[in-house]
Amino acid sequence: PASATRAPAIAESCPIRRAFCFSPQVRGCPCGPPRFRTMSDIPPKDDELAGTEQPFVQHLMELRDRLLYCIYGIGLAIAVLAVWPGPNGLIDFIAHPIKAHMPPDAKLIAVGVFTPFFVPLKVLMMVGVLAVLPWIMYQMWAFVAPGLYSHEKRFALPLIIFGSLLAYIGIAFVQFFVLDKMFAFIQGFTPDSVAATPDIASYVEAILSLYLAFGLAFQVPIVVMLLVRFGLVDIAKLKSFRGYFIVVAFIIAAVVTPPDVISQLALAVPMCILYEIGILGAGWFSRVSKAPEEEAEPGTAVDKPADDKPAQ
């Protein structure tokens, strides 16, 4: 016990520089009986999150507040959109790609009894959620921020902004390119004796699924960078997985898009391009988001003991 209490102090001047054990057989170290060094011998470093723990009920209350903030934001966006441009303006905007490939005087029809009432509400809610997407992601970040270190908070907000921007780019890509090419391809197979007048409810459901699919698919760079940052994979493995990812991208596109080759290619090809962008950005992101401990110089690490011959 006496030797155990004075072992750390003697280890400061020990020739083996506190490497693996305190042993009198190694260079005559007088630290006591041979024993391996344990974590208790290493003084704990200051933890910036120490003392910030909260009870479980407090976490539930914080989660409730963040969910309410999200609902308030969505409600405010819906109220503003209901005034301008209004449900009619929003439906005309999202229906423009298909109306451009319909006969001049043709209109979308409402088959269901309650379709004229529920479809405008669904469109308002959809656009309202998309309009406040950065606000929703910020509330998610604010909920977990108290449990993050300062170096983790440093790159959380840029990821939120970048992720929201990618989602908006994906949705805009659907609205202004994919839908136009897809309906041009589909309407080309319509016989002359058939009038193509789609149902507005089915049309809204179709574009909602496409918005969701492309908005999530365009998050590939974020996923790739986070996988590398947290050490789950390295860049070499991502490069070797490139061929498999191309197959996975086309399988995902075949499952989540309508059964036409245009929309499948429009989803799979950007996913492959974004995968390459994620590989390029993963190395940079890992360097700039390192913790201070990870940026320490190699000389500060514990040196290994020299292989000396035992004393005769």
Please answer: with hydrophobic residues joined when any side-chain heavy atoms are less than 4.5 Å apart, are [X] and [Y] in the same cluster?
X: L274; Y: L159; value: yes
X: W284; Y: L166; value: yes
X: I71; Y: V80; value: no

Task: Parallel, tilted or perpendicular, as decided by the 30° and 60° cut-offs, for the rings of F185 and F189 - done: perpendicular

Task: Plane angle bin for F218 and F214 - parallel if under 30°, tilted between 30 and 60°, otherwise perpendicular - done: tilted

Does [X] reach the side chain of [Y], with side-chain heavy atoms less than 4.5 Å apart?
X: K122; Y: L208; result: yes
X: Y211; Y: M126; result: yes
X: V228; Y: D234; result: no
X: K99; Y: K107; result: no
X: M102; Y: P198; result: yes
X: L108; Y: T197; result: no

With rounding to the nearest 0.5 Å, note down the distance linking [atom1] in [X] to [atom2] in [Y].
X: I277; Y: I222; atom1: CD1; atom2: CD1; answer: 11.0 Å
X: L179; Y: H101; atom1: CG; atom2: NE2; answer: 9.5 Å
X: D65; Y: C70; atom1: CG; atom2: SG; answer: 11.0 Å
X: M140; Y: L63; atom1: CE; atom2: CG; answer: 10.5 Å
X: W141; Y: R66; atom1: CH2; atom2: CZ; answer: 9.0 Å
X: M225; Y: Q219; atom1: CE; atom2: CD; answer: 10.0 Å

TODO: Taking the six-membered ring for Trp and the single ring otherwise, decide whether the centroids of F183 and Y203 are under 6.0 Å apart.
DONE: yes

Task: Y244/F241 aromatic ring centres below 6.0 Å - done: yes

Open item on the list: Using every non-hydrogen atom in the two residues, find where G128 and A77 come nearest and quote the distance to one decimal.
Closed with: O-CB, 3.8 Å

Open item on the list: Considering only residues two or more places apart or on different chains, which pairs with a residue in residues 75-95 satisfy side chain to side chain donor-acceptor pair (under 3.5 Å)?
Closed with: none

Task: Qualifying residue for side chain to side chain contact (heavy atoms under 4.5 Å, CB included) with T115, from V119, V111, V113 - done: V119

